[in-house]
Amino acid sequence: MRCAQALDKVLKECDPEGEVRIVDGLEYVNRYFNKVVVDGYKFSATKLSKLYGIIYHMANNTNSLNKLIQKSNNIFARKLVPLFCEFKPDVVVTTHAFLSVMCSKLIAKGYINVPVISIITDFAPHTIYINSGVTGYVVSSVQMVDELEKVGVDRSIIHPFGIPIDPVFFEKDDHKREHLSQMGFDPDIPTVLVMAGSFGVTDILKMYENINELDLDFQIIVITGKNMKLFDEFNSILSCNENMRVGKREINFNYEKEPSRKEEKMSITKKTKLIYFTDEVHKYMQMSDLIITKPGGLTVTEALASCLPMVLFRGIPGQETDNTEYLCNNNLAISVRKNTVADTLYQLLKYPDRLLSMRESCERLNNRDSSYKVYDLIKKAAEDSKGKVVYNGLDMYPLETDINEDEELYSEINEVLQEYRKNGENIDLSDNGDNDEEFESKLEELKVRMKENFKKIKGDILQKKDNND
């Protein structure tokens, strides 16, 4: 979504007469299919991360899961047809792999005829992105051009422009010291930014406690994003350390704490600015000397644009570990385990030559004009194309087929999960110290959640049938 919003901003800047529409494609085709995809990812990536990593890398080949993903997106692709017929786009830009699949299916079946540009929002490719109907790929680096060519993509349609982000991240802050002073910080000591919204609450609080104990002068900005629980926990800690709180005391959310939870009595030694959700991430990145974060594609690209060295913490096996590998290999980041964050931070701040070297690498590899280059690509694609959306009278709701296919999908997903469970028999798949029984319990919870969403998909289809009748 952040990538799409960045392109929307640049497109409107470069072509005020143009019309741009941002659509959450998975939500558009079916809100419960969206939940299957999004909730399934969130649950498996956080609670079954090792299994998720195995699934992610094995799905990068032609196998049962890859075929299942293609089949599910094929089923729902036709639900996009009304959108194309109503909006009649000259160009479609996808920032999610599944939407790239869906558009390609519609092109292959002759329902639409429109150029599709697929933006890969990570630092390593995955075969799900690769589809015959795509007319252009935008990738994060030159290295990815070679990787995509190896799996059969024509080199001429691969564009290493970098992941598009809001150009505001490239703007230099010439008043950094003044802004730090206005915020209540000391401009003469380092500032560490912690972007923690996707972390587990326990992990991030322990990490904060560890870095707070370091015998060094620095100050901390914590952005929790929309993680209400994490924000409330930090708020409680800082309420007991008002002398170290920077800025106004925030009002607690209406968040129900566990009755047994004790208030945090941590003694804070570093000035700390606590932020919930903000549209000014660029401002805080430009104020900071390094960032501690997860290796999500957009966040690290924004840090790269801000020439901000990265300490990467607890990447999810799969795309995030691939991102980490690229960033570390190019001297843009350091990867750490949660119990070594404090030691790494101490070395970087105590002996800043490495920080300077990483900052210089960021300056060299940050793809400053990425969003504008993508605009040029979109403009050319529109000029080269007839720009016609083809609609062949497709029945909007082939209901009985949909219902049968949805039931088959859940059955096949269950089989795939069991297959990957077996593939991991010789690997310790437990996460966070879980034993086998706890692992199986989490796996069962994932399947129950998915089954409930598939029931809702079926109910949604039946409701539409009743309405049509």
Side-chain angles (χ1 to χ4, degrees), residues 1 3-5 8 20-43 59 65-89 91-121 126 128-134 389-413 416 449-468:
M1 184 62 75
C3 178
Q5 289 166 346
D8 176 54
V20 181
R21 187 177 299 185
I22 298 177
V23 178
D24 183 335
L26 298 182
E27 181 75 14
Y28 182 90
V29 297
N30 189 287
R31 63 187 183 276
Y32 298 119
F33 178 63
N34 184 45
K35 287 181 69 66
V36 167
V37 176
V38 177
D39 288 357
Y41 165 73
K42 286 181 177 178
F43 186 90
L65 181 61
N66 193 302
K67 292 176 181 177
L68 178 59
I69 291 170
Q70 295 286 338
K71 179 177 180 179
S72 62
N73 283 288
N74 186 32
I75 291 171
F76 288 100
R78 56 179 170 262
K79 305 296 178 63
L80 287 173
V81 171
L83 174 65
F84 287 114
C85 294
E86 180 264 324
F87 186 58
K88 295 182 172 59
V91 182
V92 176
V93 181
T94 64
T95 62
H96 190 288
F98 285 9
L99 272 301
S100 175
V101 176
M102 289 185 192
C103 291
S104 295
K105 299 295 183 186
L106 294 178
I107 291 170
K109 292 179 179 179
Y111 295 138
I112 64 172
N113 175 30
V114 62
V116 175
I117 297 171
S118 176
I119 299 178
I120 302 179
T121 56
H126 193 286
I128 296 300
Y129 279 99
I130 301 169
N131 297 281
S132 58
V134 174
V389 176
V390 178
Y391 177 46
N392 291 325
L394 175 70
D395 184 359
M396 296 279 291
Y397 301 108
L399 294 165
E400 297 303 327
T401 303
D402 276 357
I403 292 170
N404 293 335
E405 286 178 332
D406 293 339
E407 289 178 340
E408 289 174 11
L409 270 182
Y410 172 72
S411 176
E412 290 180 25
I413 284 175
V416 166
R449 286 180 175 218
M450 296 180 78
K451 188 169 186 178
E452 286 301 313
N453 281 320
F454 273 103
K455 285 182 180 178
K456 290 174 181 176
I457 292 173
K458 181 175 180 178
D460 201 39
I461 294 169
L462 290 172
Q463 181 64 48
K464 287 176 182 176
K465 179 181 179 183
D466 292 341
N467 292 341
N468 288 344

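Residue numbers run from 1 in the order of the sequence given.
The main-chain N or O of L106 is never found under 3.5 Å from a side-chain atom of K109 such that the two would form a donor-acceptor pair. A distance-only check finds a donor-acceptor pair linking the side chain of N131 to the backbone of I128 [under 3.5 Å].
Of all heavy-atom pairs between Y129 and H96, the closest is CE2-C, 4.5 Å. Nearest heavy atom pair, residue F84 against residue V92, reads CE2-CG2, 3.3 Å. In this structure, C3 and T95 approach most closely via the heavy-atom pair SG-CG2, 3.8 Å. Nearest heavy-atom pair, K88 versus C85, reported as atom, atom and distance to 0.1 Å: NZ-O, 2.6 Å. The two atoms that bring S118 and V134 nearest to each other are CB-CG1, 3.9 Å, heavy atoms only. Listed here is the closest heavy atom pair of V114 and I107: O-CD1, 3.7 Å.
At a threshold of 4.5 Å between non-hydrogen side-chain atoms, the residues M1 and I22 count as touching. Residues V116 and S104 fail the side-chain proximity criterion, which asks for heavy atoms closer than 4.5 Å. In this structure, the side chains of V101 and F76 stay at 4.5 Å or more apart for every pair of heavy atoms.
A distance of 9.5 Å separates CG of N74 from CE of M102, quoted to the nearest 0.5 Å. Rounded to the nearest 0.5 angstrom, N73 CG and L80 CG are separated by 9.5 Å.
Residue-environment remark: NZ (K105) exceeds the threshold of 12 foreign heavy atoms within 6.0 Å.
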